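The structure presented is a predicted model; accordingly, all values stated were derived computationally and were not measured.
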Number of protein chains: 6
Amino acid sequence: MEYQIWLNGEYVARSEAKIGMMDRGFRLGDVVFDTSRTFNGRIYRLNDHIDRLYRSLKYLRIDPGMTKAEMASVTQQVVERNEPARHQGDDYMVTQIVTRGAFRSGAEEMSPTVSVWIDPIDFKTYSRLYREGAHVVIPKARAYSPMQVDPKIKHFNRLNFVLAELEVKDIDPDAFPLLLDMDGNVSESSGANFCIVSDGALITPGDDATLQGVSQATLLELAEQLEIPTSVERIQPYDVYNADEALLCTTPYCLLPVGRADNREIGDEVPGPVTQRLLAAWSEIVGLDIVDQADSMAAAPA
Amino acid sequence: MEYQIWLNGEYVARSEAKIGMMDRGFRLGDVVFDTSRTFNGRIYRLNDHIDRLYRSLKYLRIDPGMTKAEMASVTQQVVERNEPARHQGDDYMVTQIVTRGAFRSGAEEMSPTVSVWIDPIDFKTYSRLYREGAHVVIPKARAYSPMQVDPKIKHFNRLNFVLAELEVKDIDPDAFPLLLDMDGNVSESSGANFCIVSDGALITPGDDATLQGVSQATLLELAEQLEIPTSVERIQPYDVYNADEALLCTTPYCLLPVGRADNREIGDEVPGPVTQRLLAAWSEIVGLDIVDQADSMAAAPA
Amino acid sequence: MEYQIWLNGEYVARSEAKIGMMDRGFRLGDVVFDTSRTFNGRIYRLNDHIDRLYRSLKYLRIDPGMTKAEMASVTQQVVERNEPARHQGDDYMVTQIVTRGAFRSGAEEMSPTVSVWIDPIDFKTYSRLYREGAHVVIPKARAYSPMQVDPKIKHFNRLNFVLAELEVKDIDPDAFPLLLDMDGNVSESSGANFCIVSDGALITPGDDATLQGVSQATLLELAEQLEIPTSVERIQPYDVYNADEALLCTTPYCLLPVGRADNREIGDEVPGPVTQRLLAAWSEIVGLDIVDQADSMAAAPA
Amino acid sequence: MEYQIWLNGEYVARSEAKIGMMDRGFRLGDVVFDTSRTFNGRIYRLNDHIDRLYRSLKYLRIDPGMTKAEMASVTQQVVERNEPARHQGDDYMVTQIVTRGAFRSGAEEMSPTVSVWIDPIDFKTYSRLYREGAHVVIPKARAYSPMQVDPKIKHFNRLNFVLAELEVKDIDPDAFPLLLDMDGNVSESSGANFCIVSDGALITPGDDATLQGVSQATLLELAEQLEIPTSVERIQPYDVYNADEALLCTTPYCLLPVGRADNREIGDEVPGPVTQRLLAAWSEIVGLDIVDQADSMAAAPA
Amino acid sequence: MEYQIWLNGEYVARSEAKIGMMDRGFRLGDVVFDTSRTFNGRIYRLNDHIDRLYRSLKYLRIDPGMTKAEMASVTQQVVERNEPARHQGDDYMVTQIVTRGAFRSGAEEMSPTVSVWIDPIDFKTYSRLYREGAHVVIPKARAYSPMQVDPKIKHFNRLNFVLAELEVKDIDPDAFPLLLDMDGNVSESSGANFCIVSDGALITPGDDATLQGVSQATLLELAEQLEIPTSVERIQPYDVYNADEALLCTTPYCLLPVGRADNREIGDEVPGPVTQRLLAAWSEIVGLDIVDQADSMAAAPA
Amino acid sequence: MEYQIWLNGEYVARSEAKIGMMDRGFRLGDVVFDTSRTFNGRIYRLNDHIDRLYRSLKYLRIDPGMTKAEMASVTQQVVERNEPARHQGDDYMVTQIVTRGAFRSGAEEMSPTVSVWIDPIDFKTYSRLYREGAHVVIPKARAYSPMQVDPKIKHFNRLNFVLAELEVKDIDPDAFPLLLDMDGNVSESSGANFCIVSDGALITPGDDATLQGVSQATLLELAEQLEIPTSVERIQPYDVYNADEALLCTTPYCLLPVGRADNREIGDEVPGPVTQRLLAAWSEIVGLDIVDQADSMAAAPA
């Protein structure tokens, strides 16, 4: 059974979904999106994701033609529609994509292209990394500056991520890129926030050159509950190499320990004790064991 | 009669051409393109455009699965195929678009999405501007830096252009944006190079933060023929406001005089004498009067 | 009755006050100043303003030839002298201006030009804005960097503000400029600090590229009293557009809600709830209703 | 006999010329100017200076209310009016100053404040320096960036020059400041262009962060006549210290050899051979020996 | 009696210690070090220093061939070995130096050069400065950026410090340099951290462009004990000139009050009250009066 | 027979040459050097190298205690002294090293440490690379800025080169690093200049962030003789990847073709035609076939 995605009001099979090649979303990257995921089939923090989507839209002055409530409702509906296709124990990502629409010819009104997606989570990859730790490499390709396009919006103009990944794979085929901003400070991975643990405190870079991660927000809330001190600081590669622990966090995998950065081992054990506590607490609030789920799904026949 | 475009080996009606929404070209902006135009139905400087396309591909390590010669041949073929649809006196743009392909699932090989496009030229707009001069406004949104994605490649990651245009339209609905680079120097418009005439010399910014314009190359060759001195210099807004003449150059309209920049009148007359000589010489080498063509086509029934 | 200003020890009618055109204050911008205002005719936080004036003087090594106490005393005296000219319910600004003096010829000692000014407050403009919200536009003209002249000193070298205002008026004739610093972060308006409210907290940019506003200090003290959390953060245009509330604060009008930024509406209502609480508390400590005063004075015959 | 200056159509004694303290020229630095000088009482390259003045005005959108021809004519008139006061063998500077005018109250139209000045040339200082060489010190205070206020306009917002001079005098009381731009490249002195001679060629920084010096233009023309090669290059302190010769050029003294930079001796002799040839040629075109004039005037009773 | 230093396992007289001129530590600056000091002959916070040394090593991927414990043990041993040479009341610095080793020829394995040093403390200089205050001058030479070599590692590549000192001595022969980072913010002195006291709070720059000073860490701990608020902020020269107190802190002298910065007097008295409290508390935890020791040793015959 | 090096007037065996560990050259990197090489045993362009050495010394205000002539004479002498040790057909590098001297204790005068070195040339490595082309990788570690230490001086503070090499070896063990400057433009390799050939012209970066290479000067002179056009331009990675040819040039190997940059093949053949012509011309002026010599020496028994 294939997932059905919602495209401007219609359902189409996921593999068949297409966009007009004169859509500004394709031709100009004039598109924003946001991604939530389910736990046990229920969408997690949907409103936070919808709010962020609408912040992106406002920044770009794109009118999606739908209120936040309507967007949330369609998203719920798409999840429900796909519930029969969900495997036992599985979960997926749910993504809203909004482009400004196709180029108008003459007096025609431009109207946005809106779609809502179901995408599988790559548990096979994550399962291993929860235990061994992810690798990161800091490439020379840089994050965009807010003077160009603010990294706080979520969009598809990611050629710099593409370049970063090419470069990173040359060094370590398993590594994720960890981009520096234009000032040389650590910003984020391609699709995940990054933070370190140092002297027992969880340290995140500010949001000058990173997405305002919903998972990162969860992480900070969990840290508060667990009485782990947190702070926002500019981080340089030195801090990464010498961190006690480092971690990536994003919607599909929640958080991953980082075991290696620029070919230097990070910390004494992977995952480190703070990472373990955070992951355990996270599992608790979402009502399933995050690592166990990844392991089971990785072991399941495709 | 609608134009037919070539898409991975098939012809489809231009308005029907679609791309899979899981193509990296859409999802990551992992796509490059190049655009030539015809004069009297014949493609102008095709090889220069194909060369630039392959420079973009090499920079990004995208393998289009076609040699330069094959790409040129398909492009020619597309033009021939559409010749019947071309109106008397009309011309069009011809664009190659290459994405890295759709996300692979599992062991599948990724293969590029290649298309070749016919697009009409907006003579209606240009006709007026050849005489009155285009307006430019310098927005605060900046060009990308080569530390992120080199502006010398031609791609669809243009959210900063979108932001620039929104900003520019707030000031002057008729204006084109003229972006500064990260150092505050004039780079280019969204899809056109920019240069000024000062004390009789044609001055262009370097290619640090601009496309290596084929039209700009033509312009420089014409200047040489006409014994107009040229130089490459960093240009700031002061230089634009105080230029004797300013002009935009790009494939669809060749060159346009600029009459107004940030609400300051440029030069004493529009088009200025150097611009006029360049435009006349250009008309000569392409075998038609560029302004006359725009006027006739603008006057033609849609 | 015209206000009398104090100029190097003499009183002169405000409209007659002149400075020698060979004064370094005119010829080099070698001048600092500071501005307080009265409430019910009494100067508010004079010592804080005098302290800041002397910080500016020290930075520039200008010796005003007067102690802080003497400067405060002259300022008080000027207010008293002008008390008869103050209308019922009115208030005004009180400004000290200190230049390094006129260019010396030969062995002559240079001596500073010191004046103390009474200036009317533009209640007519503010009255409307307390209710409708001010507009801000972020121009491309940038704040100075501390590598050049520290924005923490208060001086008259404001050509960048002049350029910013010209640019801003092209977009929105009613808007105030909101300048970015050289790194692309929000600094301040021309003569006012700027801050945002987000998730209930009052967020101000640091003082790297802004004046150390006395009104901003009042605002932070009021926030503390009202248990509104505050923090100092780098702010980018995205944060402004997506703020729950935004406000300008400066001596003449205390604070103004911001209703529009770069043609995007800010927040859900203007003034927002936090702004209202702050304004109410401010009215309380100064012993008059700030908005009411503006309304009455705006309604008064000129 | 005191010089008479022209102020908004009236002549006033130079020491009596005053400007209203509510003029934007004083309060905001909203003012531009330009300075020529006489040789044998005749103004040199007046049109070049007037052109540059009007470029500054256009950049700032100040309307002086006078055409270039009228401005030139008033300037000539001022020189003629002051001819009787000129000493035998003496010359002076002639300066136009234009402010945007005083702050308007209500509906009043703002009108510019225009003045034309006669100022003595400091031959006493220059006389010695033509022989011994000027000293320069590179302070940490930086030139403005074109992102703020373009250094190509001539204005009175010079607090950064004031800071630079304070700093420079701490190191060497006789030195002129030589400012770096925001990128760390040599820009200009406070009121003079700077260039070096290296391997027989005259090297000037570009005009990104310097005034477009009329004296520098003269210098380049003389170099061309003398077949001294010239080039425009970014210059760093290393290049200054290791130059064969270095020189300052500006309207009042034409050019001065530089003998010392940051306490390092420049070149083998002062003035160096290229400097000497340039100075000789310059004397020739202006019809008097530049150094002799300085010597005589320096020796003259005050 | 001369101090004996430990060099790759051997003891040699301090004045005789030499390194091969083909060692990468000399030829490439491929070397890190760390410095502790003794109080009453006992090493203070040795583990913190060793930890920092190993962070430097990890950053550079130099393998010292010794565990942290071994390094600490050798360091202790060196102190014990030199105990007989220590004068009554005296103390000294203990420094570990690790180079990557000499250039290999052919298949030879490269092995690190490790040495542990005893160096006398310059009490003569400090004695006076505890009372009069040190002078600082902010030169134009800048700190390295983490994009080049992270200033958080302790190494011998200090040509920028050398240039800074040359420049500073030209202004004030007694002054220490206080370097700005590439963004124009205050970083550190050559071998000491810098902080200010403002409104009763101790303010330190972040560690983006400074060493993570162990003495600075002590200072912050003492501040906490004494209930002196602390914060991490970007500091510009304005903040230094207008600080209530300023101080330098580093291992050999613990902390010194700063009395003068760029020829401006700092604060009202030197040492200021906060500095005095910190110094008193520091003396307490190290078990000797820091100033008295300096005075006695300064008075002692050489 | 081992080479003898000259150290402060004495000859010592090369492997025995040592420097005091309290020398500022070791402890602060307070040291400059320059390297020439011999062809057929005769030093090539010695005066150019000595001139550059003295420019470095002047920049740092180090007095070597020797005139240029004396330095040249000692260098010649060292070569003569080592002539008996030179193998048939072999050549070597000759290097002057000057440190400011050891730290003074008390009133002692500091005196420089001067040495002159003979070092073998690594023909074994170069032999292969003349044919196959060298690889370069552009790391994230950056060149120093002239605001810190001007890259035009030749010194031993090379931790950023060390970091660059570590990073580069992770990608391609055979590659040389090619560093970007702080603005993201290509500067130089660790110890070699870099240039590209594009459309038949030889393009070099300016000397803002590179050594003023003597080999690069030779290259430009040869280009002039061969009527190969040259220009100085800012170069970005795009230009490197898309160059027709690229090459490294430095004293020990003269020039090497570059065959690969960031894992992209450069040009169509290696060495390219322009490189071949330059190498042939170079062989001619130095009186031996550069590649043949490398081949013979590589084949010789160690």
Q) Is the closest side-chain heavy-atom distance between Arg142(F) and Ser145(E) below 4.5 Å? A)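 Arg142(F) does not reach Ser145(E) side chain to side chain.
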
Q. Between Asn160(F), Ile19(F), Val149(F), which residue shows the highest count of heavy-atom pairs closer than 4.5 Å to chain E?
A.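 Highest number of pairs under 4.5 Å: Ile19(F).
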
Contact summary for [X] and [Y], nearest pair of heavy atoms:
{"X": "Phe26(E)", "Y": "Ile97(F)", "result": "CZ-CG2, 4.0 Å"}
{"X": "Phe156(F)", "Y": "Arg27(E)", "result": "CD2-O, 3.1 Å"}
{"X": "Ser115(E)", "Y": "Met21(F)", "result": "OG-CE, 3.3 Å"}

Using non-hydrogen atoms and a 4.5 Å limit, figure out which bit of [X] sits close to chain E: side chain, backbone, both or neither.
{"X": "Asp119(F)", "value": "side chain"}
{"X": "Ala102(F)", "value": "neither"}
{"X": "Arg14(F)", "value": "both"}
{"X": "Tyr59(F)", "value": "both"}

Q: Kindly say whether Arg158(E) contributes a backbone atom to a donor-acceptor pair with the side chain of Asn157(F) at under 3.5 angstrom?
A: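 Such a contact is found between Asn157(F) side chain and Arg158(E) backbone.
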
For [X], which atoms come within 4.5 Å of any heavy atom of chain F: side chain, backbone, both, or neither?
{"X": "Phe161(E)", "answer": "neither"}
{"X": "Leu179(E)", "answer": "neither"}
{"X": "Ala164(E)", "answer": "neither"}

Q: List the steps and the verdict of side chain to side chain contact (heavy atoms under 4.5 Å, CB included) for Arg24(E) and Val162(F).
A: CA-CA 10 Å; Arg24(E) 290 172 60 100; Val162(F) 170; 3.8 Å; yes

Q.
Counting heavy-atom pairs under 4.5 Å with chain F, which one of Gln148(E), Lys18(E), Met22(E) comes out on top?
A.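 Going by pairs under 4.5 Å, I would pick Gln148(E).
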
(Q) Using side chain to side chain contact (heavy atoms under 4.5 Å, CB included), reason through Leu60(F) and Leu159(E) one step at a time and then give a plain yes or no. (A) CA-CA 9 Å; Leu60(F) 283 172; Leu159(E) 261 188; 3.6 Å; yes

Q: Could you check Met147(E) against Met182(F) for side chain to side chain contact (heavy atoms under 4.5 Å, CB included), going step by step and ending with a plain yes or no?
A: CA-CA 8 Å; Met147(E) 295 190 213; Met182(F) 289 298 281; 4.1 Å; yes

